[in-house]
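Structure record follows, encoded as structure tokens.
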Amino acid sequence: MPLPLPRPPALLKGLVTIVLAAAFAAQAIAALLPHVPLLLAATTVSLATEAALYRWQRGVLSLFAKSHADITVRHVLRDLLLVVALLRLGEQDRETVYAALVAGLLAFYVLHCAIQAVSVLVRRTRTLPVVTRNIDASALRLSPAPPVLLRRPGHRLLVFGLPATAGLLAAAPGDEPVYAAAGIALSLALALTGLGALLFRLLPGRRPAGEQEVLDWFDAWLAEYRPTVGLYFSGGASSAYQANMWLEPLAGLDGRPVIVLRERFMVQKIAATDIPIVCLPKVSTLMRLEHSTLQVLIHPSNSGKTSQVLRIPTIRHTFVNHGESDKLSSCNPYAKAYDEVWVAGPAARERYALAEVGVEDKDVVETGRPQLDAVRPYAGPPTGTYTTVLYAPTWEGWDGNPGNTSVIAAGENLVRALLADPGVRLLYKPHPLTGSVDPRAGAADLRIRELIRAANRERTGTRRPTGSAGLARLTAELDRLTTAVFRAGADTVERMRVQSAPEPGRAEAVARATAAWDEAYWASLPEGEHQIITDARPALYSCFNVADLLISDVSSVISDFLASEKPYAVANTCGLPEEAFRTAFPTVAAATVLTPDAAGVPELLETVRHPEKDDLAEARAALKLRLLGPAEPPSQERFNAAVQALCAQARAHRARVAERLTAELPGQRTEPAGDGAGLPTAAPR
């Protein structure tokens, strides 16, 4: 069934613009004639179009603003035309009455500008140099945000100005200025009330702490909390998963962890954690970490703002990446800027050596992947009715390489081949960025989803999940523990107030609730029903634990899946012969290589169901050791040991610097006389 074509945005924007312009033109004609029915109809259409713009077409508003036809200009023009109509309709000797109405309108627009000016001042007082989460910041006099209506000039003018416009419109048919006067008076009252509410927030005891007071508080918090190791992250809204995968390993470290962010919006993108979070948007504020007890910063990704924190000499920096694969991005030359590079196993060490990007072998430390401790090991072939296959392709990437993702060239063929086997239950988990660069990937993803839905309809007909009530209860409990509830229109200050220091034991409660939710979720699904998994829950590693087989691309997904030693397959869509493909990408060494036509899927499923036919089991065990390192000691222990060793380096460096500074500083003179050589005599401090 063909998908419906989306309506062209440009056409829709043009249509809205034409309707609004036509309404203003009709209103002008009606005011000059004058023609009351046309005036009523044109003004009503104009107001309705404005409301529709703010509800569904916010992009058009920015185009109007760039053309100097913003909401204020449009609203003034609308009311001015109504006044002109009233003047044309009324008697000449009543101009003095309408002059008073015009004066009232002018006063309303003056108040509108005043509200906007005060709103900007209020916003500035609530833009703190430090944004926190999981920290008690009540000393900063945090308060709820002003109502959204007072902070958005467009919405405010539409709402506060509506009584005046309606009054002018009501006055036109019967030439009754009293209606106009009443409407304008109500608009003035609303504007004065809004202005007073905002001015009240500027009183000394009602606004949050000032910049210097916040910075002093932050320094005091650093001195009291005494952080030792931190996770540093900067990036776009869709990149938060790169930091989130390191939250549990960070929480399990010996020491006092902290998360350091640079973008205010990212504070809410970080997943549930009890670790203190500080967002330091300005470089000058970031530099205050130099004089703190922070010794090590862990970097899961590179960004333009990474270079700013690398300037702090008292902190040691390590790059851990957000996943390891054979892609060139896993050997970014930027890695040489860090003091150390932590990798999972020997394969990544060799990868850096072969890439020749300036990372010296002595700076590479093998720590394993502590996140993978949650991945359960292989427990034998499928025992139930169905073989669970996880198809988790990666996204298309930025470089246009056809081998990045299998979704475009092979995705539909792979899914059709899997769905053709009556004993397969398919879990489809696409990368969240699929289709963000190449529209073909997004279109293929939609077609794959429709194939899966059609297969479900044909397989079992009407289905009713079991245990849904228990799952709903666990979902509500998990949401309560992990989701902060904010009032509509809450700003960063209000969110800081709500997300104060966490309740004791919350982290353990989240872990228990997550495990219970995972178990209930998989148990609630009808047997054999295919699943399209795009939500945050269940997580990828939870999918690993229920899957008997993984099909993916060259990405960190297959490296992580190897922790289970279960069979896996990789789609070869880059055009290389199989042997060349295996040579180019070492992570494929223990995989079944599938061609874009998915011809090998039946044989692959046979080896999963009958392990005696699986001749890659030993290769997977060997590759797991090479990619992820030894199973003992556990990755979390190796990760913690690496942190402690790097902290020791940072402390030693600080001690050496302090010793040099002490030796270089001149002492205080004890006598005014010289030493016989014409030089003053100084005593040691």
Side-chain angles (χ1 to χ4, degrees), residues 229 231 241-253 296 298-302 317-332 334-336 338-355 357 359-378 392 394 539-541 544-545 550 552-566 568 570 584-591 619-646:
V229 57
L231 182 77
Y241 72 94
Q242 299 172 357
N244 289 333
M245 68 171 57
W246 286 98
L247 296 182
E248 288 190 23
L250 184 67
L253 293 173
V296 167
I298 298 169
H299 300 258
S301 69
N302 300 309
H317 303 269
T318 180
F319 181 62
V320 295
N321 213 336
H322 51 274
E324 293 189 18
S325 72
D326 293 322
K327 293 180 180 177
L328 293 178
S329 58
S330 292
C331 295
N332 195 312
Y334 199 103
K336 63 188 174 187
Y338 302 94
D339 296 292
E340 290 185 353
V341 175
W342 293 354
V343 299
R349 179 188 294 275
E350 297 167 10
R351 193 181 302 123
Y352 273 108
L354 291 172
V357 292
V359 176
E360 299 185 24
D361 187 70
K362 65 180 180 62
D363 296 328
V364 178
V365 179
E366 298 175 26
T367 62
R369 287 271 287 167
Q371 299 91 337
L372 302 183
D373 289 348
V375 177
R376 294 198 290 265
Y378 178 66
T394 189
L540 179 62
Y541 296 159
F544 283 179
N545 288 335
L550 168 72
S552 187
D553 306 318
V554 176
S555 70
S556 61
V557 172
I558 59 177
S559 301
D560 289 354
F561 189 76
L562 268 168
S564 68
E565 296 189 33
K566 296 177 183 178
Y568 72 104
V570 180
F585 304 107
T587 52
V588 184
R620 289 196 298 272
L623 185 58
K624 172 189 174 183
L625 181 64
R626 184 163 173 260
L627 290 178
L628 304 176
E632 293 295 335
S635 293
Q636 183 66 36
E637 290 186 21
R638 286 184 280 155
F639 181 63
N640 185 63
V643 169
Q644 301 311 316
L646 199 55

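Note that this is a predicted model, so its numbers are computed, not measured. Along the sequence shown, residues are numbered consecutively beginning with 1.
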Please report the C-alpha distance between I298 and F639 in whole Å, then the side-chain angles of each, then the deciding distance to 0.1 Å, and finally whether the side chain to side chain contact (heavy atoms under 4.5 Å, CB included) criterion is met. CA-CA 11 Å; I298 298 169; F639 181 63; 3.7 Å; yes
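- Taking each heavy atom of A392 and S552 in turn, the nearest pair found is O-OG, 2.7 Å.
- Going from atom CD of E632 over to atom CZ of R638 covers 9.0 Å, rounded to the nearest 0.5 Å.
- A donor-acceptor contact shorter than 3.5 Å is absent between the side chain of D553 and the backbone of S555.
- The distance from atom CG of L253 to atom CD of E248, rounded to the nearest 0.5 Å, is 12.0 Å.
- Not a single donor-acceptor pair under 3.5 Å links the side chain of S564 to the backbone N or O of V375.
- To the nearest 0.5 angstrom, L231 atom CG is 9.5 Å from N244 atom CG.
- In terms of modelled atom types and a separation under 3.5 Å, the side chain of Q371 and the main chain of M245 share a donor-acceptor contact.
- Heavy-atom minimum distance, P249 versus Q636: O-NE2, 3.1 Å.
- Summarising the geometry, atom OG belonging to S559 is positioned 10.5 Å from atom CZ belonging to R626; distances are rounded to the nearest 0.5 Å.
- Side-chain atoms of D339 come within 3.5 Å of backbone atoms of H317 as a donor-acceptor pair (strictly under, hydrogens ignored).
- Remark: R620 engages L562, P567, Y568, A590, D614, L616, A617 in a side-chain contact (heavy atoms from CB on, under 4.5 Å) (not counting sequence neighbours).
- Checking side-chain atoms of R349 against main-chain N and O of V364 turns up a donor-acceptor pair under 3.5 Å.
- The main-chain N or O of F544 is found under 3.5 Å from a side-chain atom of K566 such that the two form a donor-acceptor pair.
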Show the numbers, then the answer: is there a side chain to side chain contact (heavy atoms under 4.5 Å, CB included) between T367 and V643? CA-CA 10 Å; T367 62; V643 169; over 6 Å; no
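- Once rounded to the nearest 0.5 Å, the distance linking NE2 of H299 with NE2 of H322 reads 15.0 Å.
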For Y338 and D363, what are the C-alpha separation, side-chain angles and deciding distance, and is it a side chain to side chain contact (heavy atoms under 4.5 Å, CB included)? CA-CA 9 Å; Y338 302 94; D363 296 328; over 6 Å; no
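- Here the closest heavy-atom approach between residue C331 and residue Y352 is recorded as CA-CE2, 3.8 Å.
- P586 and L623 make their closest contact through O-CD1, 3.7 Å (heavy atoms, listed as atom of the first residue, atom of the second, distance).
- Residues N332 and V357 fail the side-chain proximity criterion, which asks for heavy atoms closer than 4.5 Å.
- No side-chain heavy atom of S301 sits under 4.5 Å from any side-chain heavy atom of N321.
- What you find for P346 and L625 is that their closest heavy atoms are CD-O, 3.7 Å.
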Between L646 and W342, does a side chain to side chain contact (heavy atoms under 4.5 Å, CB included) hold up when you go through it step by step? CA-CA 11 Å; L646 199 55; W342 293 354; 3.8 Å; yes
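- Residues P300 and V320 come closest through the heavy atom pair CA-CG2, 3.8 Å.
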